[in-house]
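Report on the following structure.
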Amino acid sequence: MSIDGYIHDATETRLLLSNDADFDRVDAVRAGCDAILVGAHTIRQDNPRLLVRSPDRRAARMARGLPPSPAKVTLTAHGDLDPDAAFFTTGDVDKIVYCASPVMEALRARLGRVATVVDAGTMIDLSGLLADLAERGIRRLMVEGGSSVHTQLLTAGLADEAQLVVAPFFVGNSRAPRFVGDGDFPWNAGCRATLVDVRQIEDVVLLRYALSDRYEARGGP
């Protein structure tokens, strides 16, 4: 995010907040996960591929009997997803879409050939979504945005760790999306999150926070 907490600006062009060294760090984190989750808006806005970039990391995953990249996961209340988006068309990995019940049939008709569409209830239940992923063998889930998904997961206390990278500039536009929106977060002035790592990566800074007892239970990162 920018110094003033934004993860994008107010334009249609993708805003690059990080640098090549940190992109490589993120690639390493991706390679160690079972799945990557982004919101439907992020798919529409950024058209991400969500694949492990490094050939060595892809090869290492395959040597362990895993697909070259983690599974891809998204959630949508309205079903506004294009089957030609890079999320669906790139990577020989599972793609899972959790959707609200009213749009399930239409979404299965549109995406059934490119993804597994799962009914997540009238109001998408994130706890139920995570439980379903666990039943599918997903043990480590990386969430890459956007603002709405971050807010929902964090206010519900469902995240074990936050990795924040601060870019050395301001966006300065209140119409742009922030890292999170308004919400009742478990961590506040009376209950501080635990800072476990601070690292300079060229011109950006990585801050890592432990957000649950589960972080300690699994021995950190």
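What's counted below: heavy atoms across the whole structure, side chains too, no hydrogens, waters or symmetry copies.
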Any side-chain donor-acceptor pair under 3.5 Å between [X] and [Y]?
{"X": "Asp9", "Y": "Thr11", "result": "yes"}
{"X": "Gln163", "Y": "Glu161", "result": "yes"}
{"X": "Lys72", "Y": "Thr90", "result": "yes"}
{"X": "Thr155", "Y": "Asp184", "result": "no"}

As an exercise, state the distance from CZ of Arg25 to CG of Asp22, rounded to the nearest 0.5 Å.
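Result: 4.5 Å between the selected atoms.
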
Quick one, Val97 with Leu75, criterion side-chain contact (heavy atoms from CB on, under 4.5 Å). Give me CA distance, side-chain angles, the key distance, then yes/no.
CA-CA 6 Å; Val97 178; Leu75 63 159; over 6 Å; no

Would you say that more than 12 heavy atoms from the other residues, nucleotides or ligands in this model lie under 6.0 Å from the [atom1] of [X], or not?
{"X": "Asp92", "atom1": "CG", "answer": "no"}
{"X": "Arg61", "atom1": "CZ", "answer": "yes"}
{"X": "Arg53", "atom1": "CZ", "answer": "no"}
{"X": "Arg64", "atom1": "CZ", "answer": "yes"}

Under the side chain to side chain donor-acceptor pair (under 3.5 Å) rule, what do Asp56 and Ser54 come out as? Steps first, then yes or no, please.
CA-CA 5 Å; Asp56 289 343; Ser54 163; 5.0 Å; no

Decide, yes or no, whether a salt bridge links Arg57 with Asp24 under the criterion of side-chain N to carboxylate O below 4.0 Å.
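Yes, charged N to carboxylate O under 4.0 Å.
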
Carefully, step by step, assess Arg178 and Met1 under the rule side-chain contact (heavy atoms from CB on, under 4.5 Å).
CA-CA 8 Å; Arg178 302 182 68 89; Met1 63 184 183; over 6 Å; no

Check against side chain to side chain donor-acceptor pair (under 3.5 Å), Asp160 and Ser212:
CA-CA 5 Å; Asp160 295 335; Ser212 80; 2.8 Å; yes

Does the side chain of [Y] come within less than 4.5 Å of [X]'s, by heavy atoms?
{"X": "Ser18", "Y": "Phe23", "result": "yes"}
{"X": "Pro83", "Y": "Arg110", "result": "yes"}
{"X": "Leu164", "Y": "Leu206", "result": "no"}
{"X": "Ile36", "Y": "Val73", "result": "no"}

Tyr209 vs Asp197, test: side chain to side chain donor-acceptor pair (under 3.5 Å). Steps then yes/no.
CA-CA 7 Å; Tyr209 293 91; Asp197 188 24; over 6 Å; no

How close do [X] and [Y] get, heavy atom to heavy atom, and via which atoms?
{"X": "Ala21", "Y": "Ile201", "answer": "CB-CG2, 3.7 Å"}
{"X": "Tyr98", "Y": "Ala120", "answer": "CB-CB, 4.0 Å"}
{"X": "Ala167", "Y": "Val204", "answer": "CA-CG1, 4.1 Å"}

